[in-house]
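Structure, as structure tokens:
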Amino acid sequence: MLMAKKKSLFILLCILMLNLLIGDALNGLEENIAFTESKNDHPSFYGLERMKEVPFDYYQLVLQWQPATCSNAICLRPWSSRFSINGLWAASYSRPIGRCTGNGFLQQNITSIRKELDEDWPSLVISANPAVWSEAWNLQGTCFESPTFQINDYFRLALYLFWRSDVQKALQESGIEPINGKQYEKSDIEAAITKSFGKPALRCNLNLKYLLQSQLSQVFLCFDKCLAHIDCPSKYSPALGCPTKILWNKT
């Protein structure tokens with residue numbers, strides 16, 4: 001009986017938090033985004049409280065550092081010294097999440113947020129942005145799909161979590177700037193991000209120009225099902241491979 005009451009209280013708190021977040025999100029969208037359609041045509045974040053019913057425990061927002069992505073690959077479009085979205089994944093405390101299946105990706109489902117996706121979720125290596133969005137939806141986005149949460153909601157959620165998580169600013173506030181060839185302690189980068197967004201998971205790749213030294217390439221931020229930042233669990237995390245000292249290059 002006590003456990004049932006605690007569960008009911010948790011669900012109620014989630015709904016209250018989500019209502020507040022939804023209001024903030026819509027206010028931010030109205031202030032900062034020039035939509036091509038009216039707000040009434042955008043389902044936005046309504047119904048997110050229903051996501052507590054889906055069979056996973058938390059979200060992983062994956063950010064890519066564009067210079068690291070393009071240091072070892074031929075990028076087919078202009079890039080800049082910034083983080084952008086690389087994916088939004090479902091995650092579990094008890095098991096790895098495999099590929100999900102659902103409705104296929106259709107470009108017309110994200111027309112209302114196309115401008116924002118082009119800016120904050122660009123494809124750098126694949127020539128067309130919709131190709132990378134299609135891959136993200138078909139591989140991970142379908143894990144989120146429900147009668148009340150569709151393709152548009154998935155990409156809106158990714159944008160919203162990204163806008164709430166300025167990792168570059170958090171690092172700079174701790175005196176950590178992207179500088180070519182300069183090594184940082186991995187623990188210092190983690191600590192700077194943790195102050196604002198909970199403990200991240202980091203992924204590195206090797207920089208061919210700097211003698212195959214490891215460089216920061218991706219940052220994983222984790223959110224509970226009430227969309228609050230949480231520490232990223234180490235179990236089942238794909239973000240492995242960063243040594244104690246890593247580069248954070250500007251170009």
Linked hydrophobic residues, L211 as query - side chain contacts closer than 4.5 Å:
none
With the 4.5 Å side-chain cut-off for hydrophobic clustering, are L161 and W133 part of the same group?
yes
For the residue pair Y154 and W121, categorise the inter-ring angle as parallel (less than 30°), tilted (30 to 60°) or perpendicular (more than 60°).
tilted
Sorted by chain and number, sequence neighbours left out, side chain to side chain donor-acceptor pair (under 3.5 Å) with S214 holds for none
Short side-chain to backbone donor-acceptor contact, D231 and P200, under 3.5 Å
no
Hey, does the side chain of Q150 reach the backbone of S146 with a donor-acceptor pair shorter than 3.5 angstrom?
yes
Under 3.5 Å, is there a donor on one side chain and an acceptor on the other for N152 and N109?
no
Determine whether L76 and L124 satisfy the following criterion, side-chain contact (heavy atoms from CB on, under 4.5 Å), listing intermediate values before the conclusion.
CA-CA 6 Å; L76 302 178; L124 301 175; over 6 Å; no
Taking every heavy atom of S112 against every heavy atom of R156, the minimum-distance pair comes out as OG-NH2, 3.7 Å
How about V62 and L88: do any of their side-chain heavy atoms sit closer than 4.5 Å?
no
Evaluate salt bridge (Lys or Arg N to Asp or Glu O under 4.0 Å) for E190 paired with K199, printing each intermediate quantity in order.
CA-CA 6 Å; E190 287 178 331; K199 185 177 180 180; 5.1 Å; no
Taking Y58 as the fixed residue, which of Y93, F223, F220 is the one that meets the ring pair (Phe, Tyr, Trp, His ring centres under 6.0 Å) rule?
Y93
Will you find, in the side chains of W163 and D120, an N or O donor that is under 3.5 Å from an N or O acceptor?
yes
Sorted by first residue and then second, give each disulfide (SG to SG under 2.5 Å) pair with at least one member in residues 73-139; sequence neighbours left out.
C70-C75, C100-C143
Under a 3.5 Å threshold, yes or no: a donor from one side chain and an acceptor from the other, between S134 and N138?
yes
Any sub-3.5 Å donor-acceptor pair from S196's side-chain atoms to I193's backbone N or O?
no
Is it the case that one hydrophobic cluster holds both W65 and L61, taking links as side-chain heavy atoms less than 4.5 Å apart, direct or via other members?
yes
Under 3.5 Å, side chain of R77 to main-chain N/O of V125, donor-acceptor pair present?
no
May I ask you to test the L206-Q213 pair for a side-chain heavy-atom distance under 4.5 Å?
no
Going by atom type alone, with no hydrogens or angles, which donor-acceptor pairs under 3.5 Å involve a side-chain atom of residues 171-179 and a protein atom two or more places apart or on another chain?
{"unit_1": "Q172", "atom_1": "NE2", "unit_2": "E177", "atom_2": "OE1", "d": "3.2"}

Is a side-chain donor or acceptor of S92 paired with a backbone partner of I97 at a separation under 3.5 angstrom?
no
Under the ring-ring contact (aromatic ring centres under 6.0 Å, His included) test, residues paired with F197 that sit two or more places apart:
H229
Determine whether the side chains of S81 and Q66 contain a donor N or O and an acceptor N or O closer than 3.5 Å.
no
Find out whether P67 and T251 are in side-chain contact, i.e. whether some heavy atom of one side chain is under 4.5 Å from a heavy atom of the other.
no
Side chain to side chain donor-acceptor pair (under 3.5 Å) filter on D188, not counting sequence neighbours, yields none
Ignoring hydrogens and geometry, is there a side-chain-to-backbone donor-acceptor pair from N249 to G181 under 3.5 Å?
yes
Go through the side-chain N and O atoms of N207 and Q215 and say whether any donor and acceptor fall under 3.5 Å apart.
yes
Within a 6.0 Å radius of atom CD1 on I74, are there more than 12 heavy atoms belonging to other residues, nucleotides or ligands?
no
Counting C-beta onward and ignoring hydrogens, is there a side-chain heavy-atom pair between Q183 and Y210 closer than 4.5 Å?
no
Set out, in order, the CA-CA distance, both residues' side-chain angles and the distance that settles ring-ring contact (aromatic ring centres under 6.0 Å, His included) for F144 and F56, then state yes or no.
CA-CA 9 Å; F144 296 71; F56 58 86; 5.2 Å; yes
Has R164 got a side-chain atom pairing as donor or acceptor with L227's backbone, closer than 3.5 angstrom?
yes
Verify, without hydrogens or angle tests, whether N129 (side chain) and P122 (backbone) share a donor-acceptor contact under 3.5 angstrom.
no
Least distance between heavy atoms, Y59 atom then D224 atom:
CE1-O, 3.3 Å
In terms of hydrophobic clusters joined by side-chain contacts under 4.5 Å, are L216 and I85 together?
yes
State whether a side-chain donor-acceptor pair under 3.5 Å links N103 with T142.
no
Contact between F155 and F105 at the side-chain level, heavy atoms closer than 4.5 Å - yes or no?
yes
